[in-house]
Structure formats: structure tokens, C-alpha cells
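Here the structure comes first, spelled out in C-alpha cells, and everything after it is commentary.
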Amino acid sequence: MSYSEILARIAAAVKAAGRTDGSVKLIAVSKVQPLDRVRAVLEAGHRLFGENYVQEAAGKWPDLRAEFGPVAVHMIGPLQTNKAKLAVELFDAIHTVDRPSLAEKLARLAQDRGVCPELFIQVNTGREPQKAGILPEDTDDFIASCRTLDLPISGLMCIPPEGEDTAPHFASLAEMAQRNGLAGLSMGMSADFEAAIAAGATHIRVGSAIFGARTYA
Ligand SMILES: *Cc1c(COP(=O)(O)O)cnc(C)c1O
């Protein structure tokens, strides 16, 4: 698979779903990928990337931004509260607001800085004990408490359980977003981004289908 093939598949899925061109943003997930692969996608003109680790992103993106100009980088991995300050300085969006203590920390940082990255609340749609995210039944209340904190929440994010049909998870996330008046839906990865687009995804997070398999050191 290649970057241009992925773009073609996204365009076809957007059309098949009867959605408008440009209504789905491709986040190219570059975590732990060799730099030459990331550069190739930058050279192809892509300007939206996703990272899972604050330290890795901090070591990579300041230089790449100096070289390539403005590049949006979204945090899609779990965020420790003690890394939140660095994260808000580095990222244009955080997709993993998953607990009250992090929301409170981000609200304090937003107040101090006068700006805040775009924020998504991660919902544990599969209710998996080992997975981060707000439980579905707690999500409405959590959104309300984020709004009380003046946090600019733009949408919801989920990572469905591995090996399960993802469509019901995408549908339930879309329903939660809709009833709370949230437009953003961060859902869909290499294996299922077309199903996510059919279910209304606004942000898909695609790594290995663009860059190849990740090899962890
Ligand atoms: C790594 C990762 C992705 C990309 O996964 P692929 O299967 O390589 O497309 C998407 N979302 C999150 C949250 C990830 O951690």
C-alpha cells in the first residue's frame, strides 16, 4: 500500500458514503516509523500526522517543521498528566482526553496560555478493562464537565476491541457525538477506515497502511 493508494481509497469511500470531498481528514500515524518514510510522505505534500509518544514527537517534529513548514501533529496516544504541558505546546490536537484529572490539567494550561489544542474525548466503546477511555454510560456527563471547564471539545475518539466487527462501535460513537452536539469523530485505522468513513468519521488515523509495518525496538 502507498500514500497515493490510501488517498484514492479514502476518496472512493467518501463518495460511496455520499459525503462531501474533504470531509474526512487523514492523520498519517508516524509513530516509531523510520524518518525516511515520514519524509517521503511529507515530500508528497501531506501535512497532518499522528504520534503516540510525547518524547518521540518532541524529538522529531520541531526539526521537520523547521524544514517543511507548518505541519499539524495530533497526539493519539495515552497522555500522562505530567506530560500535558509539553503536549499542548507541541500538538495541534489531542485525541485522548480520557479522565477528569487530565481534563482539569488541560483546562488550567489553556487558561494560562490563552490557547488550547483541538480536543477529542476518548470513549472506551468496548468497555475493555485494559483500555483507556471514558465508559459509554459516563460520556455525556464527562462532556458536560469538560464544557463547565471551558475546554474546547471538538469530538469523540474510539479504538474498538481487536478482532471484533468495528461497525457497531463506530455507530455508537457517532450516536454519542450527535446527541451531544459534537461534530468531530476520530475513528478508523488501517484495517477499517472505510467502514469508519461510512459511519461518519471526520478524522481517520492510518499508520501501517501508509508507512508499512512498525518495528518496535
Ligand atoms: C497506532 C495507532 C493507529 C494506527 O494504526 P494502524 O493500524 O497502523 O493504522 C491509530 N490509532 C491509534 C490510537 C494508534 O495508536
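First listed ligand is number 1; within each ligand, the first listed atom is number 1. Side chains are part of it too, since the values below use all heavy atoms of this structure and drop only hydrogens, waters and symmetry mates.
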Pairing of [X] and [Y] as salt bridge, 4.0 angstrom limit:
X: Arg108; Y: Glu104; answer: no
X: Glu194; Y: Arg9; answer: yes
X: Glu89; Y: Lys85; answer: yes

What protein heavy atom is closest to [atom], reported as residue, atom name and distance in Å?
atom: atom 5 (O) of ligand 1; result: Met189 CE, 3.5 Å
atom: atom 6 (P) of ligand 1; result: Ser190 OG, 3.4 Å
atom: atom 12 (C) of ligand 1; result: Ile76 CD1, 3.5 Å

| said: With a 6.0 Å cut-off (strictly less than), is the heavy-atom count around CD of Glu162, excluding the residue itself, greater than 12? | reply: no
| Just wondering, more than 12 heavy atoms not from Glu164 lying within 6.0 Å of its CD? |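 Counting neighbours around CD of Glu164, more than 12 heavy atoms of other residues, nucleotides or ligands fall under 6.0 Å, so yes.
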Just which atoms of ligand 1 are under 4.0 Å from any heavy atom in [X]?
X: Arg205; value: 4 (C), 9 (O), 10 (C), 11 (N), 12 (C), 13 (C)
X: Ile159; value: 13 (C)
X: Lys31; value: 1 (C), 2 (C), 3 (C), 14 (C), 15 (O)
X: Gly207; value: 4 (C), 6 (P), 8 (O), 9 (O)
X: Val206; value: 9 (O)
X: Asn52; value: 14 (C), 15 (O)

| said: Given Ser186, which partner from the list His203, His95, Lys25 fulfils the side-chain hydrogen bond (donor to acceptor under 3.5 Å, both in side chains) test? | reply: His95
| Is the shortest N/O to N/O distance between Val29 and ligand 1 below 3.5 Å? |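 Checking ligand 1 against Val29, no N or O pair falls under 3.5 Å apart.
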| Mind checking whether His74 and Phe49 have ring centres under 6.0 Å apart? | no
| Min heavy-atom dist His95 to ligand 1 below 4.0 Å |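 His95: no contact with ligand 1 (<4.0 Å).
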| query | Is a side-chain N or O of Arg205 found less than 3.5 angstrom from the main chain of Ala28, in a donor-acceptor match? | reply |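 No: the side chain of Arg205 does not pair with the backbone of Ala28.
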